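Owing to the predicted nature of the structure, the values given are computational and were not obtained by experimental measurement. Excluded from the calculations below are hydrogen atoms, water molecules and symmetry mates; all remaining heavy atoms, backbone and side chain alike, are included. Letters A, B, ... mirror the listed sequences (proteins, then strands); counts begin at 1.
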2 protein chains.
Amino acid sequence: MAHTQHQHSLTRELACINQVPIFQHLSDEQKVSVAQVTRPVHAAKGETVFAMGEVSQTLYIVNTGQVRLYHLAADGHEQVLRVLNPGDFVGETALFTDEIHASFAAATQTGELCTISRAALTALVKTLPPVALALLQALADRLKTAERQATLLAIPDALPRLAGYLQAISGRQAITLTLPMSKQDLAAYLGMTPESLSRKLRQLAKAGIIETVGRRQIGIIAPEKLAELAPE
Amino acid sequence: MAHTQHQHSLTRELACINQVPIFQHLSDEQKVSVAQVTRPVHAAKGETVFAMGEVSQTLYIVNTGQVRLYHLAADGHEQVLRVLNPGDFVGETALFTDEIHASFAAATQTGELCTISRAALTALVKTLPPVALALLQALADRLKTAERQATLLAIPDALPRLAGYLQAISGRQAITLTLPMSKQDLAAYLGMTPESLSRKLRQLAKAGIIETVGRRQIGIIAPEKLAELAPE
DNA sequence: CGTGACCTTGAAATGTCTCAAGAGTAGTGG
DNA sequence: CCACTACTCTTGAGACATTTCAAGGTCACG
């Protein structure tokens with residue numbers, strides 16, 4: 001079925017490609033060759049994109065919407081691993097081995113995903129050096145944030161962990177930011193309980209460092225003070 | 001000085017290349033072209049390879065010996081980020097931006113490093129697809145372990161954190177393994193105090209799950225019991 | 001063989017977790 | 001459109017685990 005769709009037009013595929021940073025710096029004809037191996041997938045809010053344990057040979061790139069990656073512990077507790085916004089991708093290990101998904105992926109907002117099979121992606125990397133470089137850059141970036149996250153979580157005290165996180169996602173600017181997940185998810189992500197997170201946020205607010213705007217927004221008022229609390 | 005050395009022979013450079021997994025699957029002539037842009041560096045035990053804050057445009061690959069990457073906190077406390085064994089590398093972000101080293105690197109065992117400049121590495125990725133693929137695989141692997149490490153550290157209780165770590169480095173086998181760092185470094189790496197680590201190791205030993213052999217060796221006796229304690 | 005660093009062990013203090021209940025918010029259905 | 005409901009988030013008090021702080025033991029190294 002997908003085959004005939006591809007014959008019709010590549011507009012949907014190209015729309016995918018054009019949104020994604022990885023393919024941003026390609027020429028038009030290079031984008032077409034990428035589009036030919038891309039399969040768009042629609043994901044409605046709440047829909048499961050893939051489940052844990054499934055075998056995959058596919059790279060998923062979020063075009064629009066938002067996808068939440070999470071673990072499901074034995075006690076039914078969900079642990080958010082990562083939140084995929086437009087341009088983010090998952091499944092890069094499928095490039096080399098049959099990846100057994102270690103997590104669930106569910107859309108938190110309706111949107112479009114682009115999928116590329118392992119074989120096609122390998123071919124792209126071999127024939128289009130810019131794709132290889134862009135992928136390397138994306139992986140290097142993610143590696144950096146993952147390693148930062150790991151060193152952050154190694155801190156026993158909750159306050160510097162939270163401060164370090166806020167500093168990282170605010171870019172040390174005095175901006176108002178929207179949290180990428182609910183506070184209970186964020187708490188688990190930061191290795192603490194929702195109660196602790198709530199208390200620490202209040203503590204920062206009382207110190208005049210942040211202000212909470214609504215339920216998912218936080219205004220960074222004093223980035224310098226945040227930096228003092230964060231490691232280094 | 002390096003220039004004339006290169007003219008003499010590429011034996012040292014090729015020795016480097018041949019040891020490194022990234023370049024393993026190249027043809028002989030491809031290896032030569034890599035060797036031509038490789039600069040070997042000797043690192044004596046205890047020697048500093050690079051310091052935090054230094055600007056780098058170089059990829060470092062460990063050929064022989066061992067290199068320890070670590071943070072230096074304001075209070076002088078050292079936090080080990082990663083231990084590089086032969087085949088491991090650091091500095092991949094230098095591929096894209098002038099990396100400001102976020103850590104120190106010091107040799108814990110005398111050995112040889114291979115260094116490749118950003119420009120040369122970029123050129124290699126563009127001209128030799130196998131290099132690009134190998135780099136991608138290496139980054140994907142590191143990403144996987146880093147993300148696993150992050151989810152592990154998000155657990156509040158020390159015992160499952162330790163169990164998860166032991167499980168990861170033992171490969172779920174009943175083997176005797178050598179710790180890659182001192183126990184006080186390992187404690188910081190796992191987000192606990194040396195005292196806690198000592199107590200938890202004793203606890204595992206009393207339960208007949210592990211045994212401590214000397215100061216840096218641990219024998220895994222019951223991998224299944226370890227898996228029960230580790231998350232999932 | 002001595003010295004120093006690493007590791008272990010012990011007891012008290014602190015911080016976070018757990019458990020429980022109450023507010024606020026968002027989304028739903030009448 | 002409003003009220004209701006369900007959920008998330010907050011707040012409080014007690015229990016617990018880990019961190020501190022301090023000292024002793026053990027191993028590796030010169």
According to side chain to side chain contact (heavy atoms under 4.5 Å, CB included), who are the partners of [X], at least two apart in sequence or on a separate chain?
X	answer
B:Ala134	B:Ile22
A:Glu195	A:Thr193, A:Arg199
A:Asp141	A:Gln137
B:Ala158	B:Arg161, B:Met192, B:Lys200

Worksheet entry | Partner residues of B:Asn63 under the side chain to side chain donor-acceptor pair (under 3.5 Å) criterion, sequence neighbours left out |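 Side chain to side chain donor-acceptor pair (under 3.5 Å) list for B:Asn63, sorted by chain: empty.
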
Item to complete: Tell me, please, which residues at least two apart from B:Gln109 pass side chain to side chain donor-acceptor pair (under 3.5 Å).
Response: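 Scan of B:Gln109 (side chain to side chain donor-acceptor pair (under 3.5 Å), adjacent residues dropped) gives none.
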
Item to complete: Specify the residue among A:Ser198 and B:Leu159 whose closest nucleotide of DNA chain D lies further upstream toward the 5′ end.
Response: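 Its nucleotide being nearer the 5' end, the pick is A:Ser198.
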
Discussion item. Please report the end-to-end axis angle for the helix from C:dC1-D:dG30 to C:dG30-D:dC1, five pairs per end, rounded to 10 degrees.
Written reply: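 The end-segment axes of the helix from C:dC1-D:dG30 to C:dG30-D:dC1 are tilted 50° relative to each other.
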
Item to complete: Could you verify whether a donor N or O on one side chain and an acceptor N or O on the other, from B:Thr93 and B:Glu99, lie under 3.5 Å apart?
Response: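 Indeed, the side chains of B:Thr93 and B:Glu99 share at least one donor-acceptor pair under 3.5 Å.
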
Item to complete: Please work out which residues in residues 180-191 of chain A have a non-hydrogen atom less than 4.0 Å from an atom of DNA chain D and list them by number.
Response: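 Close to the strand are A:Ser182, A:Lys183, A:Gln184.
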
Worksheet item: Of all the nucleotides listed (D:dT11, D:dT19, D:dT20), which has the minimum atom distance to the side chain of B:Glu195?
Response: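 Of the candidates, D:dT20 comes closest.
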
Report each atom pair, protein N/O against N/O of nucleotides 14-17 of chain D, whose distance is under 3.5 angstrom.
none

Worksheet item: Once each nucleotide of nucleotides 25-30 of chain D is scored for protein heavy atoms under 4.0 Å, what B/S/- sequence comes out, 5' to 3'?
Response: -BS---

Worksheet item: With the threshold set at 4.0 Å, does a side-chain nitrogen-carboxylate oxygen contact exist between B:Glu78 and B:Arg68?
Response: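 Yes, B:Glu78 and B:Arg68 are salt-bridged.
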
Discussion item. Heavy atoms within less than 4.0 Å of DNA chain C: which residues of residues 201-211 of chain B have one? Give them sorted by number.
Written reply: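 Nucleic-acid contacts, sorted: B:Arg202.
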
Item to complete: Considering only heavy atoms of chain A and a distance under 4.0 Å, specify the first and last nucleotide of DNA chain C in 5' to 3' order that meet this criterion.
Response: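 Endpoints of the contacted stretch of DNA chain C: C:dT16 to C:dT25.
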
